[in-house]
Amino acid sequence: MPETSSATRSHDDTPEELESTAAIARDLIRFDTTNHGEGRSNGEADAAAYVSAYLERLGLEPVTFESAPGRASVIARVEGRDRSKPALVLHGHLDVVPADPENWSVDPFGGVIKDGMLWGRGAVDMKDMDAMILGALDDILTAGEKPERDSIVAFFADEENGGVYGAHWLVDNHPELFEGAGEAISEVGGYSTMVGDQRAYLLQTGEKALMWIKLVARGPAAHGSRLVAQNAVTRVAEAVAAIGRLEWPIRLTDTTEQLLAEVARILEVEPTDLGPDGLALATGSASGFIQATLRTTSNPTMLSAGYKHNVIPDRAEAAIDIRTLPGDEDEVLATIRGIIGDDIEIVVTHRDVGLENPFSGALVDKVAALISEHDPEAVVLPYLLSGGTDNKALSKLGIRGYGFAPLRLPAELDFPAMFHGVDERVPLDALVFGRAVLRDLLLSY
């Protein structure tokens, strides 16, 4: 049965009174591990040292790897009862995206407890899962027990930059760390949403492919008062507007077809009555992720040009975040090339694969069974993640990755908006729920 806890007390709680999962997550949030991308980062070393020390207290032998100064990842293997079974990787990342304190109602790196929630950058992406993994292992090992199978726990650097200094670096340079692993679980799945009156937990069975591109326009540098037809800023702005306004066609993968069919069944409607977008919207707050999985997205995210008000620069750049359905990358890139023309350079700064795993098998069955035990009225549904995780890197080793950071959430919380958003927060009792589910998963799978 689900555990209960005093973790939902008011914001007057002292740190000593906090349930330990929340205390771990709070501590991790207080390490400012901001990752600005393209190699610019505060680094993960302090958070990695905290995690390593915690694992050592549990009797494990964690190893810390630095791919670059301060860019630290921690790996440990936990011996299971049945070592003939393929190992399971549980992984999280220690870095976070930037947060502007001016926009937040609390200190984004203060680990604030209020209104029954933990607030701060990383509260959902993904220091909550890091804490739940540590807590679940604590429960098992301090009780003198072992997981059912070997568990490889990994806390990666640099996920928010595509894992270049984290998961990808470790897979490329130390693949032996993951020897014997068949499956992995990580973030952005397992959280609850409401479909009509039905609570559903979304198991992330796949994720879209990733392409980060830079558009570069060039033209003559000139005085700002001159008439310049080939103004680099104007040209890159036109390209950005064209890409940003693209309406990509709907294309359903096997995962989204299964999900939408289940949503229609729960709502007792014919799928054609609402259509794909209508069914996606019927998933409540989760639609913030799900709608974007029905099609490619291409969002301009950064602009850079110029150095003085009265100087027309000779170069202007724009960053575009493209997420395609698995296998569509080349076709999408060709479409964008056709829209912006040949006179603007496209630089692919990072590219990574899409994933789609079956919503079936022993792990999926165990997840569904555990959710039924901990929340008997709920169902488990598959979904494709619109973003990406470090499961992309592990897939190069043949490891099938799923998103399962189990959180029972209040219906009114817009959980997808918490990812990279302002005032990121997670309910304290959801952390307790997730720790218990992960513990039982490790003990029984």
Side-chain angles (χ1 to χ4, degrees), residues 24-25 27-52 54-55 62-68 70-76 89-99 108-109 120-135 137 152-172 174 177-178 184-191 204 207 210 212 350 352 355 385 387-396 399 401-405 407 418-421 424 426 431 434 438:
I24 298 167
D27 291 348
L28 288 172
I29 286 170
R30 290 177 176 175
F31 296 110
D32 182 352
T33 54
T34 297
N35 189 345
H36 297 277
E38 298 182 338
R40 296 182 301 113
S41 171
N42 291 354
E44 301 84 4
D46 290 341
Y50 175 98
V51 167
S52 181
Y54 197 103
L55 293 170
V63 181
T64 299
F65 295 85
E66 281 203 352
S67 56
R71 310 310 307 275
S73 300
V74 179
I75 312 288
V89 183
L90 291 88
H91 62 97
H93 60 84
L94 297 172
D95 61 324
V96 296
V97 296
F109 298 102
R121 178 58 86 215
V124 303
D125 188 12
M126 65 170 297
K127 292 176 176 178
D128 59 338
M129 178 63 163
D130 296 335
M132 293 192 302
I133 292 171
L134 291 173
L137 286 174
I152 302 166
V153 291
F155 300 88
F156 292 125
D158 202 42
E159 191 274 345
E160 298 293 0
N161 186 49
V164 175
Y165 293 96
H168 274 291
W169 186 87
L170 283 165
V171 164
D172 292 342
H174 295 282
L177 294 169
F178 307 99
I185 59 173
S186 188
E187 60 177 329
V188 207
Y191 61 92
Q204 190 250 98
E207 49 193 63
L210 164 65
W212 287 337
H350 187 70
D352 214 338
L355 307 173
L385 177 63
T389 73
D390 283 326
N391 279 328
K392 292 181 184 298
L394 295 176
S395 73
K396 293 193 291 186
I399 299 171
Y402 290 83
F404 186 61
L407 297 170
M418 298 294 104
F419 286 80
H420 300 189
E424 185 180 342
V426 64
L431 296 175
L438 287 181

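In this chain, numbering begins with 1 at the start of the sequence shown.
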Considering residues at least two apart in sequence or located in another chain, which fulfil the salt bridge (charged side-chain N to carboxylate O under 4.0 Å, His left out) criterion with [X]?
X: E159; result: none
X: D158; result: R71
X: E187; result: none

TODO: Quick one: do L385 and T389 satisfy side chain to side chain contact (heavy atoms under 4.5 Å, CB included)? Show the steps, please.
DONE: CA-CA 9 Å; L385 177 63; T389 73; 3.7 Å; yes
Nearest-0.5 Å distance that lies between atom [atom1] in [X] and atom [atom2] in [Y]:
X: N391; Y: I399; atom1: CG; atom2: CD1; value: 9.0 Å
X: S186; Y: L394; atom1: OG; atom2: CG; value: 8.5 Å
X: D95; Y: N161; atom1: CG; atom2: CG; value: 8.5 Å
X: R30; Y: D46; atom1: CZ; atom2: CG; value: 14.5 Å
X: L137; Y: L438; atom1: CG; atom2: CG; value: 9.0 Å
X: Y165; Y: S73; atom1: OH; atom2: OG; value: 12.5 Å

With sequence neighbours left out, what residues match [X] under ring pair (Phe, Tyr, Trp, His ring centres under 6.0 Å)?
X: H174; answer: F65, W169
X: H91; answer: F156
X: F31; answer: Y50

Considering residues at least two apart in sequence or located in another chain, which fulfil the side-chain contact (heavy atoms from CB on, under 4.5 Å) criterion with [X]?
X: S52; value: E56, P62, T64, V74
X: H420; value: V97, D125, E160
X: E38; value: K214

Open item on the list: Counting C-beta onward and ignoring hydrogens, is there a side-chain heavy-atom pair between D390 and H93 closer than 4.5 Å?
Closed with: yes
- [ ] Would you check if S41 and H36 make a side-chain contact, meaning some heavy-atom pair closer than 4.5 Å?
- [x] no
- [ ] Run through I24, L94, D130 and flag the one making a side-chain contact (heavy atoms from CB on, under 4.5 Å) with V51.
- [x] L94
Open item on the list: Go through it in stages, so that I can follow the logic: the residues are D128 and L407, the test is side chain to side chain contact (heavy atoms under 4.5 Å, CB included), and I'd like the CA-CA distance, side-chain angles, deciding distance and then a yes or no.
Closed with: CA-CA 10 Å; D128 59 338; L407 297 170; 3.7 Å; yes
TODO: Verify the distance criterion only: is there a donor paired with an acceptor across the side chains of H168 and D352 at less than 3.5 Å?
DONE: yes
- [ ] With sequence neighbours left out, write down each residue that passes side-chain hydrogen bond (donor to acceptor under 3.5 Å, both in side chains) with N42, or none if nothing qualifies.
- [x] D32
- [ ] Could I get the full list of side-chain hydrogen bond (donor to acceptor under 3.5 Å, both in side chains) partners for E424, not counting sequence neighbours?
- [x] R121
TODO: Taking all heavy atoms of A45 and all of E66, pick out the closest pair and write down the distance.
DONE: CB-OE2, 4.3 Å
TODO: Starting from the C-alpha separation in whole Å, work towards a yes-or-no answer on side chain to side chain contact (heavy atoms under 4.5 Å, CB included) for F155 and I75.
DONE: CA-CA 7 Å; F155 300 88; I75 312 288; over 6 Å; no
Open item on the list: Does I29 form a side chain to side chain contact (heavy atoms under 4.5 Å, CB included) with V96? I'd like the steps, not just the answer.
Closed with: CA-CA 9 Å; I29 286 170; V96 296; over 6 Å; no
Task: Test item: K127 side-chain N/O and A25 main-chain N/O as donor-acceptor pair under 3.5 Å - done: no
